[in-house]
Amino acid sequence: MAITGIDQVCFGVDDLPRCRDFFRDWGLESVSDGETGDDWATLNGSIVSLRPIDDPALPAAFEDGNTIREIIWGVDSVADLDHLRPVLSETPGFDEQDGTLRGTDPNGLSVAFRVTRTRDVDIEPSETNSWGRVRRVDTPSTVYERAQPIEIGHAVLFTNNLEAAGAFYRSIGFHLSDEYPGRGQFLRCAERGGHHDLFLLETPQGRHGLNHLAFTVRDIHEIFGGGLHMSRCGWDTQLGPGRHPISSAYFWYFHNPAGGLIEYYSDEDYLTENWTPRAIEPGPTKFAEWAISGGLDGNSRRQRQAGDVNRAFLTE
């Protein structure tokens with residue numbers, strides 16, 4: 001059984017032109033556009049689809065307003081779909097068309113699986129020189145003017161029933177990487193791979209919906225370049241740049257007009273079957289080892305006025 005990652009996500013939005021501008025600035029390539037919606041691609045061919053919020057062809061929304069309406073996961077082969085069919089067929093709204101299996105997760109979100117349409121990409125990140133390991137000689141490090149995301153790396157969903165949601169995704173082949181006991185589960189879709197492809201988070205308010213969608217870029221320098229470009233374009237930072245101690249990844253979060261937040265990230269931990277999941281007590285320093293409140297100004301390249309820092313953690 002081999003789930004490869006996120007192949008496609010679909011948003012229902014109330015302002016297509018604004019969302020179109022956002023994803024162009026984010027660094028995606030337009031692969032189709034029209035009055036009824038747009039498709040935008042990363043370098044590996046994973047797709048962000050934008051559709052009118054009232055499009056009757058969209059799956060039902062699992063929260064009010066602009067939000068993600070479906071996540072399509074890729075698999076390696078038709079045999080993997082055969083493995084998934086018994087579990088998905090027990091979910092509400094199960095459907096099978098054109099080689100895609102579709103069902104509904106315990107959050108009420110439409111989830112689908114198909115043989116992956118993404119492609120391998122040959123990416124050369126900039127080399128780093130750490131003490132005792134010189135990799136970059138007589139060559140300045142890369143400076144990026146903007147980002148070109150490689151893939152849709154992970155999704156973070158609020159859930160009002162963590163145990164049910166976590167059990168569902170593990171039943172279809174996801175693996176627990178780490179957890180906030182009773183509050184959150186970091187899940188990866190293969191035994192060997194990045195720290196998480198999906199993070200399920202239960203808050204005291206018991207909401208369900210989208211927290212954020214994350215896009216992998218080459219390295220920390222592309223995070224800076226992409227974030228500064230978004231700032232110059234007038235889009236608002238939610239938090240970042242910064243670094244997560246749990247996955248070791250660097251990040252920069254923006255407000256996404258299509259729904260929730262959106263993240264550039266790079267340099268996450270790579271796990272194997274030898275990894276032992278950790279039980280971690282949530283808190284501000286566990287979410288971010290460090291982070292810049294308000295982001296960086298894209299023109300001055302300096303920190304924006306931070307003002308009062310809200311030390312509340314994501315789960316509070």
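This chain uses plain numbering: 1 for the first residue, then up along the sequence.
Considering all non-hydrogen atoms of both residues, A258 and F23 come closest at CB-CE1, 4.0 Å. Residues L187 and L176 approach most closely at CD2-CA, 3.8 Å, considering heavy atoms. Between N129 and R136, the shortest heavy-atom distance links the atoms OD1-N, 2.7 Å.
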Side chain to side chain contact (heavy atoms under 4.5 Å, CB included) evaluation trace for S141 with H221:
CA-CA 9 Å; S141 187; H221 308 298; 3.4 Å; yes
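Defined by atom type and a distance below 3.5 Å, a donor-acceptor pair is missing between the side-chain atoms of S247 and D269. D95 and Q97 share a donor-acceptor pair across their side chains, judged by distance under 3.5 Å alone. Judged purely by distance below 3.5 Å, without hydrogens or angles, the side chains of W235 and D25 pair a donor atom with an acceptor atom. A donor atom on one side chain and an acceptor atom on the other are found under 3.5 Å apart for S49 and Q8. Counting only N and O atoms by type, the side chains of T237 and W252 include a donor and acceptor under 3.5 Å apart. Defined by atom type and a distance below 3.5 Å, a donor-acceptor pair is present between the side-chain atoms of R170 and Q185. A donor and an acceptor atom, one from each side chain of Y144 and D219, are located under 3.5 Å apart.
A salt bridge is defined here as a Lys NZ or Arg NE, NH1 or NH2 lying under 4.0 Å from an Asp or Glu carboxylate O, and D178 with R278 meets this definition. A salt bridge is defined here as a Lys NZ or Arg NE, NH1 or NH2 lying under 4.0 Å from an Asp or Glu carboxylate O, and R51 with D39 meets this definition. Salt bridge status for R24 with E29: absent, with no side-chain N to carboxylate O gap under 4.0 Å. Between E273 and R192, at least one side-chain N (NZ, or NE/NH1/NH2) sits under 4.0 Å from a carboxylate O, which counts as a salt bridge. The pair R20-D33 does not count as a salt bridge, with every side-chain nitrogen at least 4.0 angstrom from each carboxylate oxygen. Under 4.0 Å is where a charged nitrogen must lie from a carboxylate oxygen, and between E289 and R243 at least one such pair does. One finds a salt bridge joining D297 and R304 here, because a Lys/Arg side-chain nitrogen approaches an Asp/Glu carboxylate oxygen to under 4.0 Å. A salt bridge between R85 and E96 is present, with a side-chain N of the basic residue lying under 4.0 Å from a carboxylate O of the acidic one.
Put simply, the side chain of W73 reaches to within 4.5 Å of the side chain of I6, judged on heavy atoms. Using a 4.5 Å heavy-atom threshold, the side chains of E63 and L210 count as touching. At a threshold of 4.5 Å between non-hydrogen side-chain atoms, the residues I150 and T42 do not count as touching. Between I246 and Y180, the closest side-chain pair of non-hydrogen atoms falls below 4.5 Å. Using a 4.5 Å heavy-atom threshold, the side chains of H195 and R188 count as separate.
T216 OG1 to N44 CG: the interatomic distance, rounded to the nearest 0.5 Å, is 8.5 Å. To the nearest 0.5 angstrom, L271 atom CG is 5.0 Å from S177 atom OG.
Atom CG of D120 sits in a sparse spot, with 12 or fewer heavy atoms from other residues, nucleotides or ligands closer than 6.0 Å.
The aromatic rings of F287 and H244 sit perpendicular to each other, their planes meeting at more than 60°, with 30° as the lower class boundary. Ring geometry for Y253 against F251 counts as tilted: the plane angle lies between 30° and 60°, on a 0 to 90° scale. Relative orientation of the H154 and H212 rings is perpendicular, given thresholds of 30° and 60° on the angle between their planes.
A donor-acceptor pair under 3.5 Å is absent between the side-chain atoms of S89 and the main chain of V87, judged by distance alone.
In this structure, W40 has its ring center at least 6.0 angstrom away from the ring center of F11. Residues Y264 and F215 place their aromatic rings such that the two centres sit no closer than 6.0 Å.
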